[in-house]
Amino acid sequence: MPELPEVETVRRSLAPVLAGARIEDVAVRGRHVTDEPPEVFRARLRGRRIEGLGRRGKFLVFRLDGRLRLALHLRMTGRLVYEPPEGERLPPPVGGATPGALSAGEGRLAVGWRPEAPFDLRPEHTHLEFRLAGGGRLLFHDMRKFGRAWTWVAGRTRPPYAGLGPEPLGRAFTADRLGRSLAGRRAPVKAVLLDQRTVAGVGNIYADEALWLAGIHPSRPAGSLGPDEVRRLRRAIRLVLRRAVRGRGTTFRDYRDGLGEPGGFAAHLRVYGRAGSPCPRCGTPIAKTKVAQRGTHLCPRCQR
DNA sequence: AGATGATCCTGTATGC
DNA sequence: TGCATACAGGATCATC
């Protein structure tokens, strides 16, 4: 579920809380979370200081002392949530109220109402539990068990995100670069966008949104896009991701940031999840089809 | 080489 | 109400 904007929002919400924190211990429940033997994983992390929290594509990356790195991938339903020490309240949400995104009924979230603890976390789905010095805890929760964790030493071992394409909001993601990735390929352009080697962090929601913004049909063979269309697509990807980050990501049901706060961008989606509703540009009903085995939303008139 | 389909899981929504 | 089926924000692997 979480794509770049959601992972970035988790990162921003947790970075102030975790910077400088020490991991006293880690409980690993279940063997599926990491390829490493749980005892090895635990021994590597125990006692480490968290120097910073970064992101690469949809990977959250912890920089630990001794050049150790920890990466987490939330996949579809993963959540990483901070639980403050007993008796303490959660820190205030990061980024303030979500502009225009909350209806009146949801107002309690916008005016700073805080749950005492991250709600909706079920112990049987909590696969990693980091105990921090001072009594706070960091919980990796994932009902579908798709989420994964990796550790490695920077500069010695390949990170799990080696091979990802450029960061879409960075300088390396040029129209030229995107054009080369699409050139000569007969696969649907949407399938190529979902391939993390093309660009890192675009998933099903924002692929549909970007293709709608650019006015490009998701089934178009990637290699058939002209230079102008490639430029439009690059701009659309960057625009929609920047806006979604500002809106703190899209929450349908599961997604929450690191403090348990839902994202506010769902109300700004133009096509995703809006089958049957009028296209914001031309009024034609939004269609839902399947492209590259993924549910795909588009305007049949604006996108040809 | 490159594309497609099955698969990993659980929860929820929909239809009969 | 109960049951079956489809589908879900991701990614990998086997197969064609």
Side-chain angles (χ1 to χ4, degrees), chain A residues 1-10 29-35 55-60 71-80 120-127 140-150 159-165 168 180-211 218-224 237 240-241 244-245 247-257 262-276 288-297:
Chain A
M1 114 180 131
E3 307 181 27
L4 183 149
E6 291 75 32
V7 178
E8 176 62 18
T9 303
V10 172
R29 324 204 186 279
R31 213 217 61 79
H32 64 274
V33 196
T34 166
D35 287 339
R55 180 191 57 76
R56 178 76 174 93
K58 302 172 192 170
F59 291 83
L60 266 174
L72 297 176
H73 198 304
L74 305 173
R75 296 281 174 96
M76 296 280 262
T77 51
R79 287 170 60 179
L80 184 68
D120 213 27
L121 290 186
R122 293 167 57 181
E124 68 268 33
H125 293 148
T126 301
H127 308 301
F140 184 57
H141 181 276
D142 184 9
M143 116 195 144
R144 288 175 77 178
K145 299 185 182 170
F146 290 168
R148 292 287 180 275
W150 302 259
Y161 48 76
L164 282 193
R180 282 198 300 275
S181 298
L182 304 182
R185 303 191 55 179
R186 282 178 303 179
V189 60
K190 175 171 174 178
V192 179
L193 287 184
L194 292 177
D195 185 335
Q196 299 297 295
R197 292 170 298 190
T198 305
V199 56
V202 174
N204 206 37
I205 294 178
Y206 300 111
D208 281 4
E209 293 295 310
L211 287 162
S219 300
R220 286 270 305 279
S224 75
I237 291 168
V240 73
L241 291 178
V245 168
R248 308 183 55 265
T250 300
T251 295
F252 279 107
R253 67 163 52 84
D254 302 302
Y255 167 73
R256 297 288 187 282
D257 75 8
F265 197 68
H268 299 283
L269 295 174
R270 305 293 201 218
V271 288
Y272 191 91
R274 305 190 63 244
K288 181 169 182 188
T289 62
K290 217 155 208 162
V291 175
Q293 285 99 248
R294 310 293 302 274
T296 297
H297 310 73

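Lettering follows sequence order; numbering is per chain, from 1.
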- Nearest-angstrom distance from the residue atom CE of A:M143 to C1' of C:dG9: 11 Å
- How many Å lie between NZ on A:K290 and P on C:dA8, as a whole number? 6 Å
- Should A:K58 be listed as having a side-chain N or O under 4.0 Å from OP1 or OP2 of C:dA11? yes
- Donor-acceptor under 3.5 Å (A:H268 side chain, A:A244 main chain): no
- Task: Check whether any side-chain N or O of A:R148 sits under 4.0 Å from OP1 or OP2 of B:dC8, and answer yes or no.
- Result: no
- Answer yes or no as to whether C:dG10 has its base stacked against A:F146, where stacking requires a ring-centre separation under 5.5 angstrom and planes under 30 degrees apart. yes
- A:R294 CZ to C:dT12 P, straight-line distance once rounded to whole Å: 13 Å
- Which whole-number value in Å describes the distance from A:D142 CG to B:dT10 P? 10 Å
- Message: Any strand counts, and the cut-off is 3.5 Å on both contacts for Watson-Crick or G-U wobble. Which nucleotide pairs with C:dT5?
- Response: B:dA13
- Query: Any side-chain N or O of A:R122 less than 4.0 Å from the OP1 or OP2 oxygen of B:dG11?
  - Reply: yes
- At under 4.0 Å, does any side-chain N or O of A:K145 touch on OP1 or OP2 of C:dG10? no
- Distance in angstrom units between A:D208 CG and C:dA8 P, rounded: 11 Å
- Query: Which pair of non-hydrogen atoms, one from A:H73 and one from A:K58, has the smallest distance, and what is that distance?
  - Reply: NE2-CB, 3.6 Å
- Query: Out of B:dT4, C:dA11, C:dA8, which has the shortest distance to the side chain of A:Q196?
  - Reply: C:dA11
- Would A:K190 and A:D208 pass as an ion pair if we require N to O under 4.0 Å? yes
- Query: So, is A:Y206 near the phosphate of C:dG9, with a side-chain N or O under 4.0 Å from OP1 or OP2?
  - Reply: no
- Task: Mind checking the CG-CD1 spacing from A:L211 to A:I237? Nearest 0.5 Å is all I need.
- Result: 7.5 Å
- Task: Ignoring backbone atoms, establish whether A:H125 has a side-chain N or O less than 4.0 Å from OP1 or OP2 of B:dG11.
- Result: yes
- Message: When you measure from the side chain of A:N204 to the backbone of A:G295, do you find a donor-acceptor pair of N or O atoms at a distance under 3.5 Å?
- Response: yes
- Donor/acceptor link under 3.5 angstrom from A:R144 side chain onto base of C:dA8: yes
- Pairwise P distance, C:dC3 and B:dC9 [rounded to whole Å]: 25 Å
- Query: With A:R79, which of A:T126, A:D257, A:L74, A:L121 fulfils side-chain contact (heavy atoms from CB on, under 4.5 Å)?
  - Reply: A:L121
- Query: For A:D35 and C:dT12, what is the distance between atoms CG and P respectively, to the nearest whole Å?
  - Reply: 12 Å
- Message: Just to be sure I understand the rule, does A:G147 reach a base, reach only the sugar-phosphate, or reach nothing, if contact means heavy atoms closer than 4.0 Å?
- Response: nothing
- CD of A:Q293 versus P of C:dC13: gap in Å, rounded? 17 Å
- note: A:H32, atom NE2; C:dG10, atom P; distance rounded to Å ~ 18 Å
- With C1' as the reference atom in both, quote the distance from B:dA1 to C:dG10 in angstrom, rounded to an integer. 23 Å
